[in-house]
Amino acid sequence: MSATVGQIIKCKAAIAWEAGKPLVIEEVEVAPPKAGEVRLKILYTSLCHTDVYFWEAKGQTPLFPRIFGHEASGIVESIGEGVTHLQPGDHALPVFTGECGECAHCKSEESNMCELLRINTDRGVMINDGQSRFSKNGKPIYHFLGTSTFSEYTVVHAGCVAKINPAAPLDKSCVLSCGICTGFGATVNVAKPKPGSSIAIFGLGAVGLAAAEGARISGASRIIGIDLVSSRFEEAKKFGVNEFVNPKDHDKPIQQVIAEMTNGGVDRAVECTGSIQAMISAFECVHDGWGLAVLVGVPSKDDAFKTAPINFLNERTLKGTFYGNYKPRTDLPSVVEKYMSGELEVDKFITHSVPFSEINKAFEYMLKGQSIRCIIRMQE
């Protein structure tokens, strides 16, 4: 048994003291896990746009000081009372959403939206007792998405931790805990394109590229990428995108352009931008009779989706998805196995890697649009 079990651990964490300011690496104290919780030693984490969005705090209630990070891999250091599916030494992925296993959603084969552990961006404390497990000089530091992986050690609800194959490289599998599963699952679990079919992917960031990867693996023959940045097409080819459309190059609605390109519309569309106009375009560009559009991107809270009801009556289908319809504990291990078998090509998503001491570089790469995923090596 580790000497740290049941003890407070002092370690380094990258603290965001205020919105938009560089993170500061400082020593924090990490309390032991309480009932139903797990303490993880984080080995690798990657930067997701969601971290940047809440760090900038332009569109939501700011909560600082805070430890960001939610896409990561690590090893279980210790477990709290009542935790049975994990043991110290297990290789694991912490996830921003969870699976309690008891609620109606967890018991349903049709939902992954756990009532207890679904994503909560405003909560900065643990569910158990409303307290933080991080502190500095006796004062609490807030959690983020229940994960806070920009710390060498973190405490997470056990329902938000997926045990994975110990042979899986943690420096690669860390990116599977958020964005890639979100896009990949939207295609393979929800859109389900058939071999030889056509699909339009709106937005070619990390999530959109993962959706394209899902289409490639599914055997779609026409994978049309739509983005406002034409330079993204070259990178997108690696993920199976074989046609590209920039809406700025056309003087008609993009859904009309795609319909004309595809003899009436694509079989499937996956929207990964959060733009309400892209969402409407994705739905209206699918073929009548069998077309299906899947919404992945998160819109602004006041946005409204407007389309003519005849589009539904003409047998177009619109679906939404959360985290690619994956149940974290149940399904993530099998996604890791797809990577291990070579079916899902994860390495091409990783464009940069930096030591923990240079974590702010990861933010610079993303803000400049230079990275898909930047790995942060936590133990260097």
Side-chain angles (χ1 to χ4, degrees), residues 2 4-16 23-48 50-51 54-55 63-80 83 86-98 117 119-121 123-136 139-164 170-171 173-178 328-329 332 356 359 362 375-380:
S2 169
T4 54
V5 171
Q7 306 296 313
I8 290 173
I9 290 178
K10 292 184 178 181
C11 70
K12 291 178 182 175
I15 303 174
L23 306 187
V24 183
I25 296 180
E26 301 185 47
E27 185 177 85
V28 297
E29 294 186 336
V30 184
K34 296 195 175 181
E37 298 174 354
V38 177
R39 188 160 60 185
L40 296 170
K41 180 179 183 178
I42 300 297
L43 298 185
Y44 299 93
T45 188
S46 51
L47 182 65
C48 170
T50 304
D51 296 306
F54 282 88
W55 166 72
L63 188 62
F64 296 95
R66 202 170 200 182
I67 297 172
F68 287 101
H70 64 283
E71 203 173 76
S73 61
I75 296 174
V76 176
E77 177 270 338
S78 59
I79 58 175
V83 176
L86 295 160
Q87 294 296 325
D90 284 345
H91 287 210
L93 304 181
V95 187
F96 65 90
T97 186
L117 300 173
I119 185 171
N120 184 318
T121 57
R123 187 190 301 124
V125 293
M126 298 300 288
I127 290 176
N128 259 3
D129 57 3
Q131 303 292 314
S132 175
R133 301 289 176 264
F134 297 107
S135 62
K136 180 173 176 60
K139 295 183 178 178
I141 307 288
Y142 291 112
H143 293 249
F144 178 63
L145 296 182
T147 50
S148 292
T149 60
F150 294 167
S151 173
E152 292 174 327
Y153 287 85
T154 189
V155 176
V156 182
H157 192 289
C160 299
V161 180
K163 177 181 174 180
I164 65 166
L170 291 175
D171 60 333
S173 54
C174 64
V175 300
L176 294 173
S177 65
C178 177
R329 281 169 47 187
L332 256 187
F356 188 27
I359 189 171
I375 302 297
I376 298 150
R377 307 186 297 273
M378 294 299 294
Q379 301 298 325
E380 287 186 25

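- Judged by distance alone, with hydrogens and angles left aside, the side-chain atoms of Asp129 form a donor-acceptor pair with the main-chain N or O of Gln131 at under 3.5 Å.
- In this structure the side chain of Pro32 never reaches within 4.5 angstrom of the side chain of Val5, judged on heavy atoms.
- Closest approach of Asp51 and Gly69 over heavy atoms only: OD1-N, 3.1 Å.
- Residues Ile359 and Ile25 come closest through the heavy atom pair CG2-CD1, 4.4 Å.
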For this session: May I have the step-by-step check of side-chain contact (heavy atoms from CB on, under 4.5 Å) for Gln87 and Ile79, ending in yes or no?
Result: CA-CA 7 Å; Gln87 294 296 325; Ile79 58 175; 4.2 Å; yes
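- Rounding to the nearest 0.5 Å gives a distance of 12.5 Å between OG of Ser78 and NZ of Lys41.
- With contacts defined as side-chain heavy-atom distances shorter than 4.5 Å, the pair Glu152/Phe356 qualifies.
- Salt-bridge annotation for Arg377 and Asp171: absent, with no side-chain N of the basic residue lying under 4.0 Å from a carboxylate O of the acidic one.
- Separation of atoms NE2 (His157) and CG (Leu117) is listed at 4.5 Å; rounding is to 0.5 Å.
- Between Glu77 and Arg39 there is a salt bridge, since a side-chain N of the basic residue sits under 4.0 Å from a carboxylate O of the acidic one.
- Shown here is Phe64, whose CZ atom has more than 12 heavy atoms of other residues, nucleotides or ligands within 6.0 Å.
- Ile67 contributes atom CD1, which lies 6.0 Å from atom CD1 of Ile141 (distance to the nearest 0.5 angstrom).
- A distance-only check finds a donor-acceptor pair linking the side chain of Asn128 to the backbone of Ala35 [under 3.5 Å].
- For the residue pair Ser132 and Val125, the shortest heavy atom distance occurs at N-CG1, 4.0 Å.
- Below 30°, between 30° and 60°, or above 60°: for His143 and Phe134 the angle between ring planes is between 30° and 60°, a tilted geometry.
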For this session: Evaluate side-chain contact (heavy atoms from CB on, under 4.5 Å) for Lys163 paired with His91, printing each intermediate quantity in order.
Result: CA-CA 6 Å; Lys163 177 181 174 180; His91 287 210; over 6 Å; no
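- For the atom pair Ile119 CD1 and Cys178 SG, the distance stands at 7.5 Å (nearest 0.5 Å).
- One finds the CD1 atom of Ile42 at 8.5 Å from the OG1 atom of Thr147 (value rounded to the nearest 0.5 Å).
- Side-chain contact check for Leu332 versus Val95: some heavy-atom pair is nearer than 4.5 Å.
- Looking only at side-chain heavy atoms (C-beta outward), Thr149 and Ile376 stay at 4.5 Å or farther from each other.
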For this session: Starting from the C-alpha separation in whole Å, work towards a yes-or-no answer on side-chain contact (heavy atoms from CB on, under 4.5 Å) for Met126 and Val155.
Result: CA-CA 9 Å; Met126 298 300 288; Val155 176; 4.1 Å; yes
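- Put simply, the side chain of Pro33 does not reach to within 4.5 Å of the side chain of Val38, judged on heavy atoms.
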Exercise. Taking it one step at a time, do Val156 and Leu40 satisfy side-chain contact (heavy atoms from CB on, under 4.5 Å)?
Worked result: CA-CA 8 Å; Val156 182; Leu40 296 170; 4.2 Å; yes
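- With 3.5 Å as the limit, one finds no donor-acceptor pair spanning the side chains of Ser177 and Glu71.
- Separation of atoms CD1 (Ile8) and OH (Tyr153) is listed at 14.5 Å; rounding is to 0.5 Å.
- Proximity of a side-chain donor or acceptor of Thr45 to a complementary backbone N or O of Phe150 within less than 3.5 Å is not detected.
- Between Phe68 and Phe144, the ring planes are perpendicular. Angles over 60° get that label, and only those under 30° would be called parallel.
- Residues Arg133 and Glu29 form no side-chain contact, since every pair of their non-hydrogen atoms from C-beta on lies 4.5 Å or further apart.
- Between Ala16 and Leu23, the shortest heavy-atom distance links the atoms CB-CD2, 3.5 Å.
- Heavy-atom minimum distance, Asn120 versus Leu145: O-CD2, 4.0 Å.
- Pairing each heavy atom of Gly98 with each of Cys160, the nearest pair is CA-SG, 3.7 Å.
- Between Lys136 and Glu26 a salt bridge is recorded (basic side-chain N to carboxylate O distance below 4.0 Å).
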